[in-house]
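A short write-up of the structure that comes next.
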Amino acid sequence: MSIHFDPAQRCFRLQTRTTTYAMQVDSRGHLLHLYYGCRIGVGDLAALYPPADVSFSPNYYDERRTRRASPDILPQEYTGCNVGDFRLSCLSVTDAAGARGADFTYVCHEVRPGKYALEGLPAAHDEDGAAETLAVRLRDAVTGLELELLYAVYADADIITRAARLVNAGPGVLRLGKAASACLDLPYGRWDLVHFHGRHAMERQAQRLPLPDAVTTVSSMRGASSHHHNPFVILCGHDATEETGDCCGVMLAYSGSFRTDIEQTQTGLVRVVTGIQDEGFCWLLEPGQAFTAPEVILAYTGAGLGALSRLYHRFLRRYVCRGPWRGARRPVLINNWEATYFDFTADKIAAIAEKAAALGVELMVLDDGWFGKRDDDNSGLGDWQVNTAKLPGGLDPLIDRVHALGMRFGIWVEPEMVSEDSDLYRAHPDWALTLPGRRPATGRGQLALDLARPEVVDYILGWMTDLLQNHDIAYVKWDMNRNLSDVYSRALPPERQGEAAHRCMLGVYRLLETLTQRFPQVLFEGCAGGGGRFDAGMLCYFPQIWCSDDTDAVERLTIQHGTSFGYPVSAMGAHVSACPNHQTGRTTPLGTRAVVAMCGTFGYELDLGRLTPEECDAVRGQIERFRRWADLIAGGDFARLAAPGENGSFAAWQMTAPDAGAALVSVVVTHPQANARPLHLRLRDVAPDALYQIDEVFVCGCGQAADAQCVTGPRALQGQAFSGSFLRYAGLTLPALYGDYPAVQLHLTRVDAPEEGDGNGPAI
Ligand code: GLA
């Protein structure tokens, strides 16, 4: 049992392996949040919030004489609105008379085995019965609005998920102007905020800021979780490091416009409210109707940012990703986009596939341009018939050629969009999101389909089903290449236009749910102009997501580093591309590009026909290495050893098998320096008492001076054995590496267990 209720105190305690989450129904019936943090034993948590008369914080009516209880001071589990809590609120609700207000009090609760489900929304699952659910029902006595707060406790995984459901159980129509998923009042302390900002081709740049005495907002208005901000934030102790300190993660499983606000409040508590973006949002609840707010995935640890990331990685891999591809080894793929862009023929694709097959690639992905009139990005979206000028005879002859090479075939689609220059748009102009009387803003020359209309969703389901049913397609890259503006649905009445953006998102989820259920054997990779929709909502359908349109290995280091705070390596689409890199013009060694792409799903996106015989050998070797290490890479515990830019010269990371039986350490020099310091690394997650042998060393990218400095140095480690404790505490020193962006990979295998009682392992 991980959920406990003490009827005398009316106190809930949710316990995971290392955390406690506590709430209490107070004497007025309000549900107070008492604690979320490292696991604790007995003690009066309510005493953390002593009664106080705080000026300009109004009191509950029954305390108007004592002035010792204020909704503005007490930590709340989910706020009402306009009733005296001036901090961030979860909700805005207005009744038919125009009165905006809600004040929820406890009605009942239920504890049940298993995980709650959310209708129409992505959510974590628990087929193995790992979760227990608490549902607490509250009610606003005046409007009759009911609030169901849902909690799933994954005790072993150290994760708690939350969601909120609002039901109009009153007699009149209610209007929701805001309906957040969760409020979290964190205990006292000095907190830093870690968030992930960016832009197209530069997603999820980690930024850590001391929390200001202000409200900080991380949000998207774009109809996608976006390249610019991510629906994941971390609050960590000011002194927290990768290996130490309190860290709390708040991850919203939603892929549309969202908003996460963080407020440093007057009493020293920090309030986080997260959910659907409320700007432009307005949801009408007729009597009996319900609104469900998306799921939030919470994690807490006292063991630093690295431990927090590992909690999320394991959880997302195990309980968010679904289907047969969840834990399976993904195929090494070749994608033709950067090799050909729109300019290809069946022969050109077949030639790429032939070369790739000979080098060990397993899947050929045909990217944009195979359908309709699609020679550039101004036309064709919506017309999903094969362009027979490029592919004579349709898809099947090409698929057959790919199969004949022993490869599987994958395809790119962008179903949520339409080009103005398309038969679909000419037939159904009202299927696009446009505002009456205005010319719509176009993005990449295209418009977004109105997925709030069920018939549009059904139309897409129709052609996607035909595509996947009639052709042997093993993989789909699902793209979304513009953000939503001109959000107005011609299928909704005026008073429901504030629902359009979220209804579009629900339409996307219905599409993805249906197609992934219908075609479980297909591997879906998400994409939105690179990583513009990289979130836990999408991971419910897509076990991997193209991380960024920037394939430059050095830029990818910061993108993948930032992504790794919340999301697992198995989810990060990463490819080796050509140099000079198409996005930055930078040239990096082929080997380094592979080392960086191996911090992801690993594939290729270049014309392999242009490689020299030596480079082809190198690619063959990379694929062999990746295959050998695939489980360790995708399923290992990930640790950030050195952040790119942190020490001015290199980035390093480590994957360790869950049983600590093997590890892979990767290093990339980002800034070669003269008279440079040696590269010193302290490893993580290895078992201190075990003996490890470095059984594979890969070094690349060095120039002439390499032999003296960088090749010999790391290679000399080959075959050497170290105790785990040595690797963790004394570490490894590599010589300064020479040349442009060299990289090293060290693979370690546990070879022995030390004598009992010898905590430091054998002497070396
Ligand atoms: C987006 C994707 C790219 C590629 C193009 C095709 O930008 O991120 O990888 O598929 O679309 O138009």
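When a ligand or atom number is given, it counts from 1 through the structure's own listing order. Values reported hereafter were calculated over all heavy atoms of this structure, with side chains retained and with hydrogens, waters and symmetry mates removed.
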**Prompt:** For R199, does the CZ atom sit with more than 12 other heavy atoms under 6.0 Å from it, leaving out its own atoms?
**Reply:**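 12 or below, so no.
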Below 3.5 Å, can you tabulate the donor-acceptor pairs from side chains in residues 344-361 to any protein atom, sequence neighbours excluded?
residue	atom	partner	partner atom	Å
T345	OG1	D347	N	3.4
T345	OG1	K348	N	3.1
D347	OD1	R401	NH1	3.0
D347	OD1	R401	NH2	3.0
K348	NZ	D343	O	2.9

Note to self: Could you measure the distance from the CD atom of E420 to the OH atom of Y425? Nearest 0.5 Å is fine.
What the structure shows: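 E420 CD to Y425 OH: 5.0 Å, rounded to 0.5 Å.
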When rounded to the nearest 0.5 Å, the distance separating CH2 of W412 from CG of N335 is 11.0 Å
Practice task
Could you check whether the rings of H195 and H229 sit parallel, tilted or perpendicular, using 30° and 60° as the cut-offs?
Solution key: parallel
Protein neighbours of ligand 1 with a heavy atom under 4.0 Å, given by chain and number, are W337, D367, D368, W412, R444, K477, D479, N481, C527, G529, G530, W546, D549
In Q583, R593, E605, the residue satisfying side chain to side chain donor-acceptor pair (under 3.5 Å) with T551 is Q583
